[in-house]
Amino acid sequence: MSLSILQTLTGHVQAAFAALDLPPKQGRVIRSDRPDLAPFQCNGALAAAKAAKKNPREIAASVVEILTGNPDIADMEIAGPGFINLTPTDALITSRANALAASERTGAEHVAQPQKIVVDYGGANVAKPMHVGHLRSAVIGESLKRLLRFRGHDVTGDVHLGDWGLQMGHLISELEHEQPDLPYFDAKITNGYPTESPVSMDDMARLYPAASAKSKDDPARLKLSQEATAELQAGRAGYRALLDHFITVSIAYLKRGYGELGVEFDLWKGEASVDPLIPGMIDDLIAMGITEESDGALIIPVDETYDADKRKGIPPVMLRARTGAVLYHTTDLATLIDRKNEIGPDKIYYVVDQRQAMHFDQVFRACAKAGWYERDQLEHLGFGTVNGKDGKPFTTRGGGTLRLADLTEMMRDAAQERLAASGIGQDFDPEELEDIANKVGMAALKFADLQNQRTTNYVFDVERFVSFEGKTGPYLLYAAVRIKSLLRRAAKQGVTPGTINAVEDAEQKLVLTLDHFDDALAHAEDKRMPHILCDHVYSLAQAFSKFYAECPVLQDGVADETKASRLALAKLTLRQLTLGMGILGIDIPERM
RNA sequence: GGUUCCAUAGCUCAACUGGAUAGAGCAGCCGCCUUCUAAGCGGCAGGUUGAAGGUUCGAGUCCUUCUGGGACCGCCA
C-alpha cells in the first residue's frame, strides 16, 4: 500500500525540518482546521521556534524554501504566526485515489505488532432480562472488538456472565419458597435431577426481583439468600444442578437478544466457570502474604492510605465474605488467571459501566500485587449511562426499565413507517420490507449510541432517534444504498468503473476524506473510542452526498471516461462505507 | 466527609501530543426534485466554551480557586 497523502506530505516536511537541523517530529502535517485555505497544514514551525528561540515565520519560510518545487505540493503559504498551509497536487490526489481503489481494505493498514487481546463486554447477568442498560456495553464492546480485529489483532470477545454471586442465592431461595417440593432442595438427593429446567426465562425474571425486593428490608430473608449462595459455592449438588439450568436457559435467551443486535461472543464463560480455580488461587494469595483477615472476611489491602472510618482511600479487595461466599472481586481475579492460562493475552479490556471504575481499580491493584499482569495490560473502558430527557437513567414513562426487545421493536416500527411514507417500498415483498426496517432501526440505534464519546453520559431521546435525518445511522445507509443503486444502473447500461481522475472540488474532497480512513481507525484504536470512527464514516457519507449532488455520474452528456472515473470513486466509497459501518456493527440493505 | 467525572449554540453532541475565524446534527428561516433514491444538497441565523485568576507568543484543552451537577466510597454485581 502506498502512503496516504497526509503521510506523503509529512515525509516531505519532516525531511525539510531535518535539513534545517530541527526535530523531524515537529514537521508533522495534519488535516487543516481551515479547509477554506488549504486541506493540510503544519504547525511545527511554532514549536520549533519556541525550542530554538527563533522567529517562527522565519523557520516556516526556510521550510517553504526547501520544499519549493516539490512535485507533490501544488501550493504552500505561510499564515498567521507561522502556520504552513499545504495543498497537494492534483496528480498526488489522483494517484492516491487509484491506489485506494486498488486496495482491498481501502487504505486501512494492519498494525505492525498484533497483540492478543481479550475484550470483556456484554455485562449480562443470568436470570435478568436485557434492558437498555445493556445496550452500551454490547454495542461499544462489539465495535471495539471488530475494530481491533480489523486492525490485525488477535481478539477474543467474552460475555463474562454474572452467574455466581448473591443473585444466584436469591433465585435459588425464592424458587425454594415457591416450589419447595422440587428435588433440588432435598439435601438427601444428590443426583438424577430432571434434565428439563424447572424455570423459564420469565420465571427467573419474576423470581429474582421478588427475592431482591424482599431482602431489602427483611434481614432474615436476605440471610436465606446468602446461605443459599454459600451452599451453592460450597458445592451442594442440587443447587449446582439448578444453576446449570439457570445458565442454560439464560444463555439461550441472551443469544437471541445479542443476536438481534448483531453481537457475537467467542466465549460464553461466566463467573461460575472459574469457580474451580478459586480455592487454589486463594491459597496462592495467602502464601504470597498479601491477604489479611478482617472482621471474619479475607481481604487484600490495596491502598495504604485507606481509612474506613473517614471513608478515605480505596477499600480492600474482598476475597471471601464472612459468610464464606466469594464475591465479584474474587471471580474477577480468578477470571484473570483463567485467561492467563487459556489465552495468555497481552491486553484485557473491560467494557463496563463507568460506575464500576473503583471496582476495577481494586482488582487491577490486587492483580499487580500478585504479579499476574503488568498494570498497563489491564484497562477498564468505562462508559457513561444512558439517561432520559430528565438527565436521570433512562426508564419508561411508568418508571420501569425499558426492555431491549421493546426498544428494538420501537425502532423497527418507526423505520417501517418512514419507509411507507416515502412510498418507495410499495413493490417490495414483505420479507424484504421487514429486513430493511430492521436494518434501518438497528443502524439508528447503534449509531446514536456509538457517536457519543464513550466515557460521557448521553441523553436518549426516542423522538430524535426515530427521526432518521441528519447525523444518524439511516443517513449512512442512505448514502450507501444510493451507491448500490448507481452501481446496478451502471451495470445495466454497461458502464464499468475505470481510472479515477479527481478534478472537481467535490471529487477531490471525497478522495481526501477516503484517504483519512486509516488515520481514523488508528486514532479510534488508540483512544478505544468508536465515536472517532463514527465521525469518519459520517464525514465520508457527507462528502459522498455532496459529490453525488454536484457530479453526475451516469447522466447524458457526461463523457465516458468521466463516467468510469466517478463510478470507480462511488464504488470505492461504498466499499469503505461498508467496511467502516461493519466495524460499527451496522448492516446495509440493498435498497431502502 | 473522601475520591472521581462532567459543564461548549435554544436542544443533543464534536473539536486529534495547547494553534488561525470553536465545528456537526436537530429545531428556526430562505432556496433546490420532468434526468443517477429529497432519509438528500446549498444558504442564512445562532457562542464571553459555568465563573474568576494563572502559565504561554497562543488555552475549550494545562494549573489554582469557586459555583452547579453526576457517579462511586468492605462483605450486591
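Every chain is numbered from 1 and lettered A, B, ... according to where its sequence line falls, protein lines coming before strand lines. Excluded from the calculations below are hydrogen atoms, water molecules and symmetry mates; all remaining heavy atoms, backbone and side chain alike, are included.
Regarding A:Asp33, its CG atom lies at a distance of 15 Å from the P atom of B:rA59, rounded to whole Å. Rounded to whole Å, atom P of B:rC36 lies 22 Å from atom NZ of A:Lys571. One atom, CZ of A:Arg464, and another, P of B:rC26, lie 11 Å apart when rounded to the nearest Å. Nucleotide B:rA77 holds its C1' atom 13 Å from the CG atom of A:Asp120, rounded to whole Å. Summarising the geometry, the separation between CZ on A:Phe544 and P on B:rA38 is reported as 11 Å, rounded to the nearest angstrom. Atom-to-atom, OH of A:Tyr478 to C1' of B:rC36 comes out at 11 Å; the value is rounded to the nearest Å. Straight-line distance from the NZ atom of A:Lys546 to the P atom of B:rC36: 21 Å, rounded to whole Å. Going from atom CD of A:Gln354 over to atom P of B:rG69 covers 21 Å, rounded to whole Å.
Under 3.5 Å, the side chains of A:Thr385 and A:Arg136 contain no donor-acceptor pair of N or O atoms.
The main-chain N or O of A:Ser485 is never found under 3.5 Å from a side-chain atom of A:Arg591 such that the two would form a donor-acceptor pair.
Only the P atoms considered, B:rG31 is 45 Å distant from B:rG69, to the nearest whole Å. For the C1' atom pair drawn from B:rG46 and B:rC11, the interatomic distance equals 12 Å after rounding to whole Å. Taking atom C1' on both nucleotides, B:rG23 is separated from B:rU49 by 12 Å, rounded to a whole Å. B:rG54 sits 12 Å from B:rA59 when the P atoms are compared, rounded to a whole Å. Comparing B:rC73 with B:rC13, their P atoms are spaced 25 Å from each other, to the whole Å. The separation of B:rC44 from B:rU48, taken at their C1' atoms, amounts to 23 Å, rounded to a whole angstrom. Between the P atoms of B:rA15 and B:rG60, the separation comes to 15 Å (whole Å). Rounded to whole Å, the separation between the C1' atoms of B:rA20 and B:rC26 comes to 29 Å.
Contact annotation: side chain of A:Lys50 to base of B:rG58, donor-acceptor pair present below 3.5 Å. Evaluation of atom-type donor-acceptor distances gives no pair under 3.5 Å for the side chain of A:Asp36 against the base of B:rA20.
Between A:Arg355 and B:rU4, a side-chain N or O to OP1/OP2 separation shorter than 4.0 Å is absent. For B:rC16, the OP1/OP2 oxygens have no side-chain nitrogen or oxygen of A:His516 closer than 4.0 Å.
Heavy-atom neighbours of A:Glu463 CD from other residues, nucleotides or ligands within 6.0 Å: at or below the threshold of 12.
Side chain of A:Leu37, nearest nucleotide from B:rG74, B:rA14, B:rA20: B:rA20.
Stacking between A:Phe83 and the base of B:rA20 is present: ring centres sit under 5.5 Å apart and the planes differ by under 30 degrees.
A distance below 6.0 Å separates the ring centres of A:Tyr350 and A:Phe364. Between A:Phe547 and A:Phe544, a ring centre-to-centre spacing shorter than 6.0 Å is recorded.
Using cut-offs of 30° and 60° for the angle between ring planes, the A:His516 and A:His536 rings count as tilted.
To the nearest 0.5 Å, atom CD of residue A:Glu525 and atom CZ of residue A:Arg151 are 4.5 Å apart.
Taking a pair as Watson-Crick or G-U wobble with both distances under 3.5 Å, the runs of three or more consecutive pairs in RNA chain B are B:1-7 with B:67-73, B:10-13 with B:23-26, B:28-32 with B:40-44, B:50-54 with B:62-66.
Note on A:Ile532: nothing from the nucleic acid sits closer than 4.0 angstrom, heavy atoms only.
Across all non-hydrogen atoms, the minimal contact from A:Lys439 to A:Ile588 is CD-C, 4.2 Å.
Base orientation at B:rC11 is anti, since its O4'-C1' glycosidic dihedral falls outside 90° of 0.
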